[in-house]
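Below: the structure, in structure tokens.
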2 protein chains.
Amino acid sequence: MPSLPKGRQRQKQLYDAAARLFAAQGYHATSLRELAEALGLNKSSLYHYFDSKQELLYQLLDDYISEALEGIQALCGDGQAPEEKLAAFMRYYTRFYARDLDRLALLVNEVDSLEPRFRKVLEKKERRYLAALTDIFEQLRGQGRLKQVPSTVAAFAFFGMVHYTFKWYRPKGKVSPEELSDMFWEIFGRGVLRPREGA
Amino acid sequence: MPSLPKGRQRQKQLYDAAARLFAAQGYHATSLRELAEALGLNKSSLYHYFDSKQELLYQLLDDYISEALEGIQALCGDGQAPEEKLAAFMRYYTRFYARDLDRLALLVNEVDSLEPRFRKVLEKKERRYLAALTDIFEQLRGQGRLKQVPSTVAAFAFFGMVHYTFKWYRPKGKVSPEELSDMFWEIFGRGVLRPREGA
DNA sequence: CATAAAATCTACCGTCCGGTCGGTTTGTTT
DNA sequence: AAACAAACCGACCGGACGGTAGATTTTATG
């Protein structure tokens with residue numbers, strides 16, 4: 001009862017392997033034959049676990065984005081000061097992806113590989129994602145704490161900084177995810193925030 | 001004599017169309033049949049202009065990266081103060097790519113689509129690219145003007161901010177490339193630089 | 001206007017792709 | 001051990017892929 005039922009276990013292996021391959025080589029450059037081989041399975045056996053390659057990618061991405069969205073919304077709910085909210089958001093967000101770069105690579109690169117039917121669903125969730133951050137910026141602006149920069153520019157500047165990490169950052173290297181999140185907050189936060197008047 | 005010879009003109013059309021398609025759909029997701037159709041040509045006619053699809057991508061990327069590298073090295077040569085050098089670098093760099101997002105998308109996304117033989121050449125140039133920026137950071141550190149952040153982290157944070165623009169930024173929108181480069185410099189520069197002592 | 005080079009086309013190749021089909025093995029339940 | 005579903009496999013399909021060979025048209029040049 002504590003461990004996963006056998007079938008689910010296999011399914012998780014499959015999803016993990018797919019994520020790894022898609023992240024490393026790209027969705028289009030990865031064949032189902034390759035995926036099957038990585039699992040020691042026959043290609044046709046894969047179809048026991050999903051209906052099509054597109055649907056496999058969609059399920060991966062939807063799982064990831066939904067989980068991230070939940071985490072973010074949990075952070076943004078309560079009545080903290082906007083500056084604390086921003087710091088919490090950015091540190092959580094950076095750590096979350098610095099620890100799972102495959103996930104990040106998939107979300108950044110492969111949403112465009114989906115058919116419109118699937119892509120639209122995810123883009124909707126991405127917009128809520130973005131809105132969570134721009135909302136915080138607007139609260140800061142209301143308090144006169146934001147520099148003269150459009151909220152969307154600020155938000156995408158931050159997303160760019162973090163989303164690009166999968167291209168160069170390695171969590172087992174000299175800089176831990178915790179340290180990275182501190183550095184990003186220092187670089188970005190101090191840059192965007194105007195010092196309190198009379199400080 | 002002022003205008004291009006006919007063949008070169010066609011070649012430029014071809015490169016432009018390839019860049020547009022590869023940027024919009026990705027290298028693997030774009031077929032040579034598609035490219036030929038976009039040019040009103042038969043697929044086999046393409047091979048008059050290049051030897052293989054790989055070589056086409058390589059030529060595109062090598063042209064782009066070489067041009068960017070020249071521009072950067074021209075900026076970094078003279079004896080300005082490091083802070084001015086950093087500002088010049090970042091503004092130039094942001095504007096350069098904000099004006100040609102297809103180029104940017106290709107350089108960010110498709111270097112990995114090259115066979116190792118080609119990829120290695122470009123990665124070498126990319127490293128000189130990165131070194132140009134980290135050098136400036138090290139000069140700043142020597143003057144005590146850099147916050148406690150590794151140069152590579154600072155450099156990639158900046159590259160991330162800029163390289164991600166192709167995902168969201170549109171140069172014909174409300175924010176011009178000039179304005180964007182100012183904003184990025186404000187966000188990033190003020191964040192990374194420690195105020196002068198006694199300021 | 002002949003000629004050679006540049007540019008383009010038609011027809012085709014072998015290969016790999018995602019996906020299907022029907023059947024076999026494995027494991028569970030009664 | 002009968003019955004059934006879950007898990008898996010071998011053989012195959014149509015089609016798209018990148019790429020090739022050779023002929024043909026267009027264009028510039030003497």
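Here is how names work: the chains are called A, B, and so on, in the same order as the sequence lines, proteins then strands, and each is numbered from 1. Just so it is clear, the structure is predicted and the values come from calculations on it, not from any experiment. Side chains are part of it too, since the values below use all heavy atoms of this structure and drop only hydrogens, waters and symmetry mates.
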Give the rounded distance in Å between these two atoms: [atom1] of [X] and [atom2] of [N].
{"X": "B:Lys53", "N": "D:dG19", "atom1": "NZ", "atom2": "P", "value": "8 Å"}
{"X": "A:Arg8", "N": "C:dG27", "atom1": "CZ", "atom2": "P", "value": "19 Å"}
{"X": "B:Glu37", "N": "D:dG18", "atom1": "CD", "atom2": "P", "value": "13 Å"}
{"X": "B:Leu46", "N": "D:dT20", "atom1": "CG", "atom2": "P", "value": "13 Å"}
{"X": "B:Leu41", "N": "C:dA6", "atom1": "CG", "atom2": "P", "value": "17 Å"}
{"X": "B:Gln54", "N": "D:dG19", "atom1": "CD", "atom2": "P", "value": "8 Å"}
{"X": "A:Leu56", "N": "C:dG19", "atom1": "CG", "atom2": "C1'", "value": "14 Å"}
{"X": "A:His28", "N": "C:dC16", "atom1": "NE2", "atom2": "C1'", "value": "16 Å"}

Which nucleotide in the list [options] gets nearest to the side chain of [X]?
{"X": "B:Lys43", "options": "C:dG19, C:dT8, D:dT20", "result": "D:dT20"}
{"X": "A:Leu32", "options": "C:dG19, D:dG19, D:dA7", "result": "C:dG19"}
{"X": "A:Tyr47", "options": "D:dC8, C:dG18, C:dC9", "result": "C:dG18"}
{"X": "A:Arg33", "options": "C:dC21, C:dC9, C:dG18", "result": "C:dG18"}

Below 30° counts as parallel, above 60° as perpendicular, anything between as tilted: where do the rings of A:Trp168 and B:Phe156 land?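 Because their plane-to-plane angle is under 30°, the rings of A:Trp168 and B:Phe156 count as parallel.
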Mind checking B:Ser44 for me? I need base, sugar-phosphate or nothing, with any heavy atom below 4.0 Å counting as a touch.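 Here B:Ser44 touches the bases of the nucleic acid.
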Is the shortest side-chain N/O distance from [X] to OP1 or OP2 of [N] below 4.0 Å?
{"X": "A:Ser31", "N": "C:dC17", "result": "yes"}
{"X": "B:Asn42", "N": "C:dT8", "result": "no"}
{"X": "A:Arg10", "N": "D:dA6", "result": "no"}
{"X": "B:Ser45", "N": "C:dC9", "result": "yes"}
{"X": "B:His48", "N": "C:dA7", "result": "yes"}

Side chains of A:Glu115 and A:Tyr58, donor plus acceptor under 3.5 Å: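 A:Glu115 vs A:Tyr58: no donor-acceptor pair found between side chains.
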A:Phe159/A:Tyr93 under ring-ring contact (aromatic ring centres under 6.0 Å, His included): CA gap, chis, key distance, verdict: CA-CA 9 Å; A:Phe159 282 138; A:Tyr93 195 83; 5.3 Å; yes
Aromatic contact, A:Tyr47 with A:Phe50 (centres under 6.0 Å):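 So the answer is yes for these two rings.
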Do we get B:Lys53 above B:Tyr27's six-membered ring, with its NZ or CZ under 6.0 Å from the centre and within 45° of the axis?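 Yes; both conditions hold, so B:Lys53 lies above the ring face of B:Tyr27.
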